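Take a look at the structure set out below.
Proteins come first, then strands; the chains are lettered A, B, ... in the order of their sequence lines, and each starts at number 1. Heavy-atom basis, side chains included; hydrogens, waters and symmetry copies ignored. Because the structure is a prediction, the values reported are computed rather than measured.
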Number of protein chains: 2
Amino acid sequence: MDLHQALKSSFLFSGLTEAELSQIQAIAGIKQYAKGELIFAEGKEATCFYIVASGQVKLYKISAQGKEQILHIVNPGETFAEAVMFSGGHYPAFSETLSHSRLIHLPKEAFLQLIKQNPQLSLNMLATLSKLLRRLNRLVEELSLKDVSSRLAQYLIEQSRQTGQPTETGVQLELDASKTQLASRLGTISETLSRTLRKLKQAGIIQVKGNLITILDLDTLNEMASGAKYD
Amino acid sequence: MDLHQALKSSFLFSGLTEAELSQIQAIAGIKQYAKGELIFAEGKEATCFYIVASGQVKLYKISAQGKEQILHIVNPGETFAEAVMFSGGHYPAFSETLSHSRLIHLPKEAFLQLIKQNPQLSLNMLATLSKLLRRLNRLVEELSLKDVSSRLAQYLIEQSRQTGQPTETGVQLELDASKTQLASRLGTISETLSRTLRKLKQAGIIQVKGNLITILDLDTLNEMASGAKYD
DNA sequence: CGTTCGCTTGAGGCCGTTCAAGCGACGTGG
DNA sequence: CCACGTCGCTTGAACGGCCTCAAGCGAACG
């Protein structure tokens with residue numbers, strides 16, 4: 001996927017004319033990153049925002065004790081750190097590649113000029129930020145009000161909706177990151193995730209083979225995701 | 001504060017001409033709410049967003065077990081539920097007045113038209129959403145990575161910066177809501193908050209008199225807020 | 001073949017919640 | 001004016017979910 005293609009495939013730029021895309025392309029750059037490379041640190045001065053052309057990026061926070069909480073995993077075609085253009089001059093979290101990645105970077109000031117001139121771009125950006133808000137809203141809800149089982153159940157359901165393959169026994173899904181990363185995303189640690197998976201497996205709700213999971217009992221899983229207690 | 005004044009004093013409408021303000025005023029309505037009144041329920045179809053003219057509003061989620069997590073407390077001049085205009089047709093949380101309040105409501109569709117025609121309004125809205133994102137980012141960080149003592153310490157520090165009064169012994173601040181509400185905002189319950197306050201009091205870090213709190217040892221409080229463990 | 005890495009499993013402990021009771025302030029009605 | 005209810009807050013005891021620490025295991029890789 002080249003720069004032009006990548007820009008075109010991103011939601012943020014949908015509905016723009018070729019001429020407008022060219023304007024954006026003119027200020028964009030692309031760069032390769034190795035796996036596990038730091039893109040920016042929390043608190044660092046923000047100069048640009050990013051689009052993932054290929055690979056995978058995680059946004060995360062770290063506690064004083066070293067525990068990590070993943071805020072978001074960014075997949076190809078998606079943007080991140082958009083919000084730095086409109087408030088605050090510093091990145092609010094850490095960002096790191098999960099695999100070999102190619103990232104398009106767009107300088108903050110130049111892009112801000114384009115937004116001011118382009119109403120459609122403004123509206124797309126508003127929609128993008130709104131979606132982020134909803135996602136974070138749900139993350140807060142999960143962390144504060146639900147236990148690990150609920151969060152895992154909810155994640156499995158969502159993942160199965162997006163990438164699930166029906167099989168004889170149930171819907172099969174593939175974890176989109178390592179179990180350690182998943183744990184961090186669910187606001188817990190790998191040990192606890194491992195135990196929780198085992199619990200669901202022993203209860204006959206799911207089946208686990210490496211990072212392939214088959215949902216055997218969707219009804220019970222739905223109940224758990226809603227926060228009901230499970231014995 | 002009348003409707004025109006309230007609109008004018010809101011950040012969202014800063015930098016607009018009188019003519020533009022009139023356009024907004026034309027589609028706005030105002031309504032009185034008693035204390036504890038529900039403004040909208042989570043999942044209800046979203047028809048408009050709101051500005052607080054007077055009073056106080058809480059946005060919150062509720063777990064299946066009945067535990068409440070406050071996402072945000074909205075004060076006069078501030079807006080809420082803006083994001084419903086750009087993504088999703090349903091309110092993502094509950095909303096309820098904390099005191100007798102007057103709220104301006106702006107119908108979603110009509111306001112969207114104004115935004116499309118007004119670049120400055122778009123930019124203001126982008127800035128508003130960005131701030132919300134930052135706030136939620138921090139809430140996630142606190143809930144996931146910090147214990148109750150840290151969260152309380154951070155809250156006290158922020159509150160003292162905003163509304164603190166210097167006294168002989170230290171900075172005095174007033175809790176902007178009941179302790180039960182504060183607990184919900186900090187992601188805990190009133191019992192735990194009560195115990196945590198007592199712990200800080202006994203350690204000589206703060207002094208508590210009703211909802212007046214004096215910070216005696218800001219240095220230690222800062223350490224606690226950063227997430228360092230306290231013995 | 002040794003090392004590293006991701007994952008799993010167990011034991012132990014802590015933080016925060018749940019359940020329960022008590023207290024003072026406040027408002028209402030007898 | 002007092003009795004009684006409610007409400008917000010506090011305190012105690014006990015439980016439980018999740019984290020910490022520690023060890024072991026298989027797979028990948030140099």
Side-chain angles (χ1 to χ4, degrees), chain A residues 34-36 58 62-70 98-99 142-153 174-203 206-213 224 227-231, chain B residues 35-36 58 62-70 98-99 142-153 174-202 206-213 224 227-231:
Chain A
K35 178 181 175 179
K58 71 172 172 181
I62 293 193
S63 77
Q65 280 77 35
K67 186 186 171 188
E68 171 190 292
Q69 169 71 49
I70 292 184
L98 287 176
S99 58
E142 290 177 7
L143 290 174
S144 170
L145 302 177
K146 297 184 177 175
D147 57 23
V148 174
S149 299
S150 296
R151 289 177 247 162
L152 175 58
E174 190 175 356
L175 300 182
D176 63 351
S178 76
K179 290 186 183 173
T180 304
Q181 298 301 327
L182 176 56
S184 171
R185 179 160 159 184
L186 295 178
T188 184
I189 56 178
S190 59
E191 291 99 318
T192 300
L193 175 61
S194 183
R195 282 184 251 270
T196 309
L197 278 170
R198 180 169 43 135
K199 213 170 62 183
L200 295 193
K201 199 163 57 182
Q202 285 173 350
I206 62 171
Q207 198 175 331
V208 184
K209 277 181 198 165
N211 67 343
L212 285 180
I213 292 181
M224 294 184 66
K229 288 288 174 193
Y230 181 77
D231 302 340
Chain B
K35 178 181 173 178
K58 71 172 173 182
I62 293 193
S63 77
Q65 280 77 33
K67 187 185 170 190
E68 171 189 292
Q69 169 70 51
I70 292 183
L98 287 175
S99 59
E142 291 177 7
L143 290 174
S144 170
L145 303 177
K146 296 184 177 174
D147 57 23
V148 174
S149 299
S150 295
R151 288 178 246 160
L152 176 57
E174 191 175 354
L175 300 180
D176 64 350
S178 76
K179 291 186 183 173
T180 303
Q181 299 300 325
L182 176 57
S184 170
R185 180 162 160 183
L186 294 177
T188 185
I189 55 178
S190 59
E191 290 99 317
T192 301
L193 175 61
S194 183
R195 283 184 251 270
T196 308
L197 278 170
R198 181 168 43 137
K199 213 170 61 184
L200 295 193
K201 199 163 56 181
Q202 285 171 350
I206 61 171
Q207 199 176 328
V208 184
K209 276 180 198 165
N211 66 343
L212 285 179
I213 291 182
M224 295 185 65
K229 289 286 173 192
Y230 180 78
D231 303 340

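In this structure, CG on B:L182 lies 11.5 Å from CZ on B:R151, to the nearest 0.5 angstrom. The line from CG of B:L152 to CZ of B:R185 is 11.5 Å long, rounded to the nearest 0.5 Å. Here B:K179 contributes atom NZ and B:L186 contributes atom CG; the two are 12.5 Å apart, rounded to the nearest 0.5 Å.
Whole-Å rounding puts the B:L182 CG to D:dG8 P distance at 15 Å. Per the geometry, CZ belonging to A:R151 stands 13 Å off P belonging to D:dG17, to the nearest Å. For the pair A:K201 NZ and C:dC7 P, the interatomic distance rounds to 13 Å; values are reported in whole Å. Atoms CG (B:L193) and P (C:dT18) sit 15 Å apart, rounded to a whole Å. Distance, B:L186 CG to C:dT17 P: 11 Å, rounded to whole Å. Atom CG in A:L143 sits about 14 Å away from atom P in C:dT17, given to the nearest Å. Atom pair B:L145:CG and D:dC19:C1' shows a separation of 13 Å (rounding to whole Å applied). For the pair A:L152 CG and D:dG17 C1', the computed distance is 15 Å after rounding to whole Å.
Listed pair A:S190 / C:dT8 fails the phosphate criterion, with no side-chain N or O lying under 4.0 Å from OP1 or OP2. For B:T188, a side-chain nitrogen or oxygen approaches OP1 or OP2 of C:dT17 to under 4.0 Å.
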Dump the pairs, protein N or O against N or O of nucleotides 28-30 of chain D, anything under 3.5 Å, distances to one decimal.
none

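Between B:R198 and A:T196, the residue anchored closer to the 5' end of DNA chain D is B:R198, taking for each the nucleotide with the nearest heavy atom.
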Q: Indicate for each nucleotide in nucleotides 20-27 of chain D, in 5' to 3' sequence, whether protein heavy atoms under 4.0 Å reach the base (B), only the sugar-phosphate (S), or nothing (-).
A: BBB-----
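Taking B:S190 as the reference, nothing meets the side-chain hydrogen bond (donor to acceptor under 3.5 Å, both in side chains) condition, with sequence neighbours excluded. Considering only residues two or more places apart in sequence or on other chains, B:S144 meets the side-chain hydrogen bond (donor to acceptor under 3.5 Å, both in side chains) condition with A:Q69. With sequence neighbours excluded, the residues that form a side chain to side chain contact (heavy atoms under 4.5 Å, CB included) with A:E174 are A:N211, A:L212. With sequence neighbours left out, B:K58 forms a salt bridge (charged side-chain N to carboxylate O under 4.0 Å, His left out) with B:E68.
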Could you tabulate the donor-acceptor pairs under 3.5 Å formed by side-chain atoms of residues 191-198 of chain A, not counting sequence neighbours?
{"unit_1": "A:T196", "atom_1": "OG1", "unit_2": "A:T192", "atom_2": "O", "d": "2.7"}

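B:G66 comes within 4.0 angstrom of nothing in the nucleic acid, heavy atoms only.
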Q: Run the numbers on B:D176 and B:Q181 for side chain to side chain contact (heavy atoms under 4.5 Å, CB included), then give the verdict.
A: CA-CA 9 Å; B:D176 64 350; B:Q181 299 300 325; over 6 Å; no
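Each of D:dC18, C:dT8, D:dC9 was ranked by its minimum atom distance to the side chain of A:V148; first place goes to D:dC18.
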